[in-house]
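In this chain, residues are counted from 1 in sequence order.
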Amino acid sequence: MGHLNVAAVRLSIGERTLLENVDLHVVPGRLCAIVGPNGVGKTTLLRCIAGFAEPAAGAILIDGVSVGSMPRAERARAVTLIGSDAESPQGMSVREVVLTGRFARRAWWDWTTGEADHFAADAAIERVALAPLADRSFDTLSSGERQRAWLALALAQDARTILLDEPTSHLDVRHATSVAALLRSLADEGRAVLAALHDLSEAAAIADDVALLGDGRLLAFGPADDVLEPELLERAFGIAFERARVAGAWRVFPRAPIRRNFSH
């Protein structure tokens with residue numbers, strides 16, 4: 001369960017087309033990274049897959065069912081999106097915010113919580129290393145702590161397909177590495193994970209597949225080693241890239257400008 005198919009999708013904002021003819025297939029147990037320049041449509045694509053927006057054309061299916069046609073509770077069991085611009089709730093503790101992930105799986109009028117809900121929320125908070133802050137007011141968290149709390153909410157919701165919009169943004173190196181490892185483990189446990197990532201080396205390290213967006217279309221989709229190669233990346237970003245293996249993993253970086261020594 002959790003097979004995601006994006007078929008011939010066109011994304012538009014008003015009369016402007018962002019992306020044309022996007023085809024993706026993400027299966028349980030695999031992590032797919034979406035990469036591309038700012039403004040290319042990564043966030044809009046994730047919102048459409050989550051059912052928060054409608055594509056201008058094409059189909060988005062999870063386990064063969066159109067996301068747009070799913071009842072709210074069924075969609076919550078199928079897919080969850082953690083965005084990079086979520087508003088901070090006021091007057092709620094971290095635990096209370098994470099518990100709201102359980103409500104998405106119920107009828108709109110059912111706001112009760114049971115022992116299983118609290119167990120799931122606490123387990124999710126523990127997994128993102130926020131247990132010491134569980135009772136703190138959410139709006140007092142740092143941006144990086146908030147990012148991990150939103151990820152805990154997604155874990156508590158327990159959807160089969162997890163979508164994330166730049167989940168390691170605002171995180172320091174230690175926590176970014178921890179969250180990246182968590183995304184990898186979620187896929188290894190059998191979920192389908194689709195994450196828009198800014199860091200190309202991070203995508204190379206954790207992703208099974210990469211969807212490279214650029215020039216208004218899907219430039220490439222396939223195994224990370226095949227897609228994250230300098231020629232394709234230059235087509236997407238308009239600058240030269242290099243990549244090298246470091247400690248067994250690919251590192252991808254812009255080609256450094258030549259440093260000139262003007263001293264005499």
For this session: Going by the side-chain contact (heavy atoms from CB on, under 4.5 Å) test, name the single residue among Leu45, Leu4, Ile60, Asp209 that passes it with Leu24.
Result: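 When side-chain contact (heavy atoms from CB on, under 4.5 Å) is applied between Leu24 and each of Leu45, Leu4, Ile60, Asp209, only Leu45 qualifies.
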So, are [X] and [Y] salt-bridged, with charged N and O less than 4.0 Å apart?
X	Y	value
Asp225	Arg243	no
Asp122	Arg95	yes
Arg217	Asp23	no

For this session: Give every residue pair that meets the side-chain hydrogen bond (donor to acceptor under 3.5 Å, both in side chains) criterion with at least one member in residues 228-240, sequence neighbours excluded.
Result: none
Exercise. Counting heavy atoms not belonging to Arg251, are there more than 12 under 6.0 Å from its CZ?
Worked result: no
If hydrophobic clusters are built by linking Ile, Leu, Val, Met, Phe, Trp and Tyr wherever their side-chain heavy atoms come under 4.5 Å apart, do [X] and [Y] end up in the same one?
X	Y	result
Leu197	Val173	no
Phe52	Val6	yes
Val35	Leu219	yes
Phe253	Val227	no
Val193	Val210	no

Closest approach of [X] to [Y] (non-hydrogen atoms, all atoms of both residues):
X	Y	answer
Val98	Ala149	CG2-O, 3.9 Å
Gly29	Asp208	O-OD2, 3.9 Å
Leu153	Thr100	CD1-OG1, 3.3 Å
Leu151	Ile82	N-CG2, 4.4 Å
Met92	Glu96	CA-OE1, 3.3 Å
Ile49	Val67	O-CG1, 3.3 Å

Drop me the distance from [X]'s [atom1] to [Y]'s [atom2], to the nearest 0.5 angstrom.
X	Y	atom1	atom2	result
Asp226	Leu232	CG	CG	9.0 Å
Ile125	Ser93	CD1	OG	7.5 Å
Leu19	Lys42	CG	NZ	9.5 Å
Leu183	Ser178	CG	OG	9.5 Å
Leu194	Ile34	CG	CD1	4.0 Å
Thr43	Asp165	OG1	CG	3.5 Å

I want to check something: taking the side chain as every heavy atom from C-beta on, are [X] and [Y] in contact at a cut-off of under 4.5 Å?
X	Y	result
Val22	Leu11	no
Cys48	Val9	no
Arg245	Trp250	yes
Glu242	Pro230	no
Leu228	Leu233	yes
Met70	Ile62	yes
Val128	Leu155	yes
Phe237	Leu200	yes

Verify, without hydrogens or angle tests, whether [X] (side chain) and [Y] (backbone) share a donor-acceptor contact under 3.5 angstrom.
X	Y	result
Ser66	Leu61	no
Arg148	Ala129	yes
Arg102	Ala156	yes
Arg184	Ile206	yes
Gln147	Glu166	yes

Problem set entry | From CA spacing to verdict: side-chain contact (heavy atoms from CB on, under 4.5 Å), Ser142, His175 | CA-CA 12 Å; Ser142 69; His175 286 121; over 6 Å; no
For this session: Please assess Thr168 against Asp199 for the test side-chain contact (heavy atoms from CB on, under 4.5 Å), listing each intermediate value before the final yes or no.
Result: CA-CA 9 Å; Thr168 56; Asp199 188 327; 5.6 Å; no
Exercise. Checking side-chain contact (heavy atoms from CB on, under 4.5 Å) for the pair Thr161/Val26: CA distance, chi angles, key distance, verdict?
Worked result: CA-CA 9 Å; Thr161 300; Val26 184; over 6 Å; no
Problem set entry | Chi angles and distances behind the side-chain contact (heavy atoms from CB on, under 4.5 Å) call for Leu218, Leu213 | CA-CA 5 Å; Leu218 179 67; Leu213 305 179; 3.7 Å; yes
